[in-house]
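By convention in this document, chain letters (A, B, ...) are assigned in the order of the sequence lines, proteins followed by strands, and residues within each chain are numbered from 1.
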There are 2 protein chains.
Amino acid sequence: MASRAGVSVATASKALNDTGRMTEDTRQRVKAAATELGFRPNAMARGLIQKRSFTIGLLTNDTYGRFTLPVMAGISEALVDQGVSVFLCGIEDDPALGRVHLDAMLDKQVDGIIASGKRIDRRLPVDLSNLPVPVVYAFTEGHEGSVTLVSDDFQGSAEAVEHLIALGCKRIVHVTGPETFASVKERTKAYRAGIGGDGVVLYGAWSEHWGHEAVAQLWQQGETPDAIFCGNDQIARGVVDALRERGVKVPADVSVVGFDNWEIVAGQTRPPLTSVDMNLKALGREAGRLVLELAEGKPVEPGVRKLPCQLVIRESCGGNAAVTESRGGVVAAVD
Amino acid sequence: MASRAGVSVATASKALNDTGRMTEDTRQRVKAAATELGFRPNAMARGLIQKRSFTIGLLTNDTYGRFTLPVMAGISEALVDQGVSVFLCGIEDDPALGRVHLDAMLDKQVDGIIASGKRIDRRLPVDLSNLPVPVVYAFTEGHEGSVTLVSDDFQGSAEAVEHLIALGCKRIVHVTGPETFASVKERTKAYRAGIGGDGVVLYGAWSEHWGHEAVAQLWQQGETPDAIFCGNDQIARGVVDALRERGVKVPADVSVVGFDNWEIVAGQTRPPLTSVDMNLKALGREAGRLVLELAEGKPVEPGVRKLPCQLVIRESCGGNAAVTESRGGVVAAVD
DNA sequence: GTGAAAGCGCTAACAA
DNA sequence: TTGTTAGCGCTTTCAC
């Protein structure tokens, strides 16, 4: 391609990369020739010299993609302008598969790796410490001294509870997932801090079924609450459905808040669920940004960073409908 | 690393790649030295010569990932043993973004591209004809003369209807999505062929809400069916919920079949939904296999290939529970 | 301001 | 059987 503009390859390279010095005229001539010929530099050749592949790997065991996909979208969004592409590697919980994918990425000289998972207190089944490239953990537990990004479960839950209290709810209960999850502990802590007491906490599975069951238990004991803060949207959906079947009105009689803001669940519940969004896309963007900084040798403070959650208001809590709509709209636009 | 084994780099290369000829002893010595040093060849350098990057790109506008993720899992599964990694590029419906991602992948010398989407009768917002690398379309419309993989909507729907008929259902209606979708037309055709008549077909949105609404319409008109074949699982879930609220038993009074076998919906419905699985993972495997064959210069017959769907039996149609369980189990194990 | 030459880490053809 | 040489497509000194 160089000859087309009547210059050497060296000059062409400099012209296209806006480096070196030459007359502006030459530079433009080369660029013109390049576009005309549809010339695009070979990233492998370039990478071989620069020791940069403009490639990063996303390793995840969240095959179902509920958490990883938004994270991936954020990463991609943050990196695509820099010309960085992302390898997605689903490794289930298989150490051997993890090794294979990791090796494949390392061979390809990825500039960095982002590890992601489905819960923040479990590690991927593959050791990512002491790799020749930087690693950032997003929504999964990292190794000693690593850079880790998680959502702020406490803050998100606190907002949910505050919202219910502001709406005038007096007897708020918390129906959540298995007690072994760190996020469950954190959300429960925020719930208790919010209501200023022990409250009522029901632990169970992360399922609609458990939401139903929990409502049955509550109503059987006669301890009917006026608000139920749920550990995730599936539980919340089960709760809302169970309440409707009992003739209890949501939100008139009981307000319900979910967690995750999983559109397919929160949006399809009747009424649509007010829910805590973990802003995973933003978390992904941050992960992308950080891994790139590390790849470029910039210093990044290690440690766990908690990124804020955001309460997305729909119709399951009542309150001012106008505010409801506009806030929901804004939130949607933000992300 | 070569010197460690006391041989030239050329010999080392041949030893590790099992090419060239040398004493078995030398080969083993080199391999031993390689493992000992943890040596791994630089894929960029290798790719530069071989003009193969062992990398392929997956371009999709299915941000939500409902269709793309299983396809991606299949692709990855088919290619990881060959050392091929996959770039995932979500391009929404933005042509500019599509272009950016495409160029980035082309620069990186991907060996091929798989295009995927959320419906089979729409194209991605980016032109993939006349690329310097092979393209395979999976679950999205391809260009003239391309290799395209879709699921066999007709066959899948036919199986669903046959199943209902075998169960003794006489008045089967079809509640489905917007008439403009090719898959809706195809599924409707199979429904009509199956019942041997025009039947009752209700078109609407792909939502739970429409499922509810459709049941209201049917029961209002007094044309109560004994089976409802739904265009997707969300509609089916709406249908099942609406029936329960009317006191109509599923499957005792009415059998319901969904489509997509989207675990999160089909599995959580009460009772769990019998549904048509499009085998997207298998479709992804096939796409991966084909794009690799094309990349290696092997001939692949162009045209649209329809891959079979599979009926996954749960509890929404009644029938033999034992068979139900075992078939459901087998199906789950297969994929 | 521009170009010639070296070299990134590997593989392939050819000598030895 | 092994090693030497050339070169993949680019960037980067360093002469000119």
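Using a 4.0 Å heavy-atom distance criterion, A:Ser13 is classed as a base contact. Using a 4.0 Å heavy-atom cutoff across all strands shown, A:Thr26 reaches sugar-phosphate atoms only and no base atom. Among the atoms of the strands shown, only primed sugar atoms or phosphate atoms (P, OP1, OP2) are found under 4.0 Å from some heavy atom of A:Thr23. Counting non-hydrogen atoms under 4.0 angstrom, B:Arg46 reaches the backbone sugars and phosphates but no base.
Here B:Lys51 reaches the OP1 or OP2 of D:dG9: one of its side-chain N or O atoms lies under 4.0 Å away. Contact check, A:Thr11 against C:dG3: a side-chain N or O comes under 4.0 Å of OP1 or OP2.
By the ring-ring contact (aromatic ring centres under 6.0 Å, His included) test, B:Phe54 is found to be paired with no residue, residues two or more places apart in sequence or in another chain being considered.
Distance B:Met44 CE to D:dT11 P: 12 Å, rounded to the nearest Å. Distance CZ (B:Phe39) to C1' (C:dG9): 8 Å, rounded to an integer number of Å. Between A:Asp18 atom CG and D:dT12 atom P there is a gap of 13 Å when expressed in whole angstrom units. Rounded to whole Å, the distance from CZ on A:Arg21 to C1' on D:dT13 is 13 Å. Rounded to a whole Å, the CG atom of B:Leu48 is 9 Å from the P atom of D:dC10. When the P atom of C:dG9 is taken as reference, atom CG of A:Asn42 falls 16 Å away, rounded to whole Å. Following rounding to the nearest Å, A:Ile49 (CD1) and D:dG9 (C1') show an atom-to-atom distance of 8 Å. As a whole-Å value, the separation of A:Lys108 NZ from C:dG9 P is 19 Å.
In this structure, B:Arg119 forms no cation-pi arrangement with B:Phe139, as its terminal cationic atom is not both closer than 6.0 Å to the ring centre and no more than 45° off the ring axis.
For A:Gln50, the listed nucleotide lying nearest its side chain is D:dT12; candidates were C:dC8, D:dG3, D:dT12. When distances are taken from the side chain of B:Pro41 to each of C:dG9, C:dC10, D:dG9, the shortest belongs to C:dC10.
Residue B:Ala45 is the one, among B:Ala45 and B:Thr19, whose nearest nucleotide of DNA chain C lies closer to the 5' end (criterion: closest heavy atom).
Residue A:Lys14 places no side-chain atom within donor-acceptor reach of the base of C:dG1, judged by atom type and a 3.5 Å distance cut-off alone.
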Q: Using the salt bridge (Lys or Arg N to Asp or Glu O under 4.0 Å) rule, take B:Asp260 and B:Arg66 through it: C-alpha gap first, then chi angles, then the decisive distance, then the call.
A: CA-CA 10 Å; B:Asp260 285 352; B:Arg66 173 154 144 234; 2.5 Å; yes
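Minimum heavy-atom separation, B:Leu294 to B:Pro134: CB-CB, 3.5 Å.
Within 6.0 Å of CG in B:Asp18 there are more than 12 heavy atoms belonging to other residues, nucleotides or ligands.
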